[in-house]
Amino acid sequence: MSFSPISRLGFATGFAHGADQLALAALPLVVTLGLGGGPGLVGLLVAAQSAAWLLVSLPAGALIDRSDKRRWMVGAQTLAALCLALAALAASLQAVPVLAVTVLLGAGGTVAFVLSGFAAVPLLADPAALPRANARLELSRAIATLSAPLLAGTLAEAGQAALGFALAALCALLAAVLANGLPAMPQTGTARPPLGRAIREGAGFVWRQPYLRAIALCAIVWNLGFFVLMAVFVPYALTHLGLDAARTGLVLSAYGAGLLLGALAAPRLAGRLQTGLLLALGPGLSVFAGLALLAGPTPFGALPLAAFFLIGFGPMIWQIGQTSLRQIVTPPDLLGRVGATLQVAVFGVRPLGALLGGWIGAVWGLEMAILLVPVGFGLSLLAILASPLRRLGSLEEARLYSGAEQLAQS
């Protein structure tokens, strides 16, 4: 069976994210059920896995810009498959240090694949088709995010939690095989500056480009608010919203439903709404969702359900819109570094949000911590409305503006 390049990349992306999410879901189950570890060991190993997004992104982004994107995707997922297979062996042998190293390196393979895929999309799709292409990739990611915890939980229930890593390794291997069928996508420019300078060029371009600067600020404060919410919602739901554990889980699952429907709706909305309005939709719906969480108990948890659905639906539309915009306004030889800069900014602020939410919840109460959620979402909306993005009519307009701006600076 033959696939178009974007379809092939979409399937590869789904398997790559499936591998990452399976490993993330399996890790605490393995530590708790197989190794007899407590929250401290779980936190340490999850932190080791998450550290890859901070440690690998910037150098990987710079190297991806100067080499073949297909080769990077294949190599990254081959590395991930090997490391996740070793993680399954380490979990079976209860070799905790080896497990920590293998999950870190396996996640590093995901990081490199994601950055390569972002840089590859504009080389595989016409500018007008970018929203639909990015929506296909995000839909694959959403399906993987929903499916992986269910698979990991089923294996753990059967007493085979470590097999979650083996299944993750198989997914990574399938991603590598699919990526290998993509056309070659070599470096588009000839410059090969030193690694440190190359990284600074990417960060500097994000800060100087007004659309990208607004996107970065929006993403940072939104993720701060979201991870405050993730840190305190479960105890808040059980003690202040009148929800039991099962209903709380149902509310959290509404986020995944929102992600899926947002990915399906985004291409249609991109064709009907101005780009600026599309980008304001995600943080705007998030503000309403954050305020709904302050309303207190409601029958059947209706408002929390709606809130988490909107937190998935709106930001997924924003994610697809801003990814397409970044690909339009960024020169091809900077795509890897620009993606890496934003990735580090977002993943760097996530633990800060979780720590802030936990601290405020412990010192001033859960209601005060939840109050920070619509504040963070509101600031993300302000980052869009206070920037040139609010007047942006289309991706083509952004491309022309960016081209004129780069010509003026040359």
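We number each residue from 1, following the sequence as shown.
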Assess the side chains of Arg136 and Ser7: does a donor N or O sit below 3.5 Å from an acceptor N or O?
yes

Sub-3.5 Å donor-acceptor pair from the side chain of Tyr236 to the main-chain atoms of Leu293, do we have one?
yes

Is Thr102 reaching over with its side chain to a backbone N or O of Leu99, donor-acceptor style, under 3.5 angstrom?
yes

Supply the atom-to-atom distance Ile370 CD1 to His240 NE2, rounded to the nearest 0.5 angstrom.
9.5 Å

Look only at the side chain of Arg132 and the backbone of Pro267, and say whether a donor-acceptor pair between them is shorter than 3.5 Å.
no

Does Asp126 use its side chain to pair, donor to acceptor, with the backbone of Ala128 at less than 3.5 Å?
no

Testing the basics here: between Gln322 and Ile215, what is the closest heavy-atom pair and its distance to 0.1 Å?
OE1-CG2, 3.4 Å

Once rounded to the nearest 0.5 Å, what's the spacing between atom CG of Leu139 and atom CD1 of Ile320?
8.0 Å

Applying side chain to side chain contact (heavy atoms under 4.5 Å, CB included) between Tyr211 and each of Leu279, Leu392, Thr330, Thr275, report the one that passes.
Leu392

Of all the heavy-atom pairs spanning Gln327 and Phe118, show the shortest one and how long it is.
NE2-O, 3.2 Å

Using only atom types and a distance under 3.5 Å, with no angle test, would you say the side chain of Gln209 pairs donor to acceptor with the backbone of Leu212?
yes

So, the side chain of Arg8 versus the backbone of Leu182: is there a donor-acceptor pair under 3.5 Å, distance only?
no

Take the angle between the ring planes of Trp222 and Phe377 and call it parallel below 30°, perpendicular above 60°, tilted in between.
parallel

Does the cation-pi check pass for Arg337 over Phe205, that is, NZ or CZ under 6.0 Å from the six-membered ring centre and within 45° of its axis?
no

Set out, in order, the CA-CA distance, both residues' side-chain angles and the distance that settles side-chain contact (heavy atoms from CB on, under 4.5 Å) for His17 and Val114, then state yes or no.
CA-CA 9 Å; His17 280 291; Val114 169; 3.8 Å; yes

Shortest non-hydrogen contact from Asp65 toward Gly336:
OD1-N, 2.6 Å

Does anything in residues 303-345 pair up under ring-ring contact (aromatic ring centres under 6.0 Å, His included), and if so which pairs, sequence neighbours excluded?
Phe233-Phe308, Phe309-Phe313

Using a 3.5 Å distance criterion without hydrogens, assess whether the side chain of Gln21 forms a donor-acceptor pair with backbone atoms of Arg141.
no

Where the side chain of Arg326 meets the backbone of Thr323, is there a donor-acceptor pair that is under 3.5 Å apart?
no

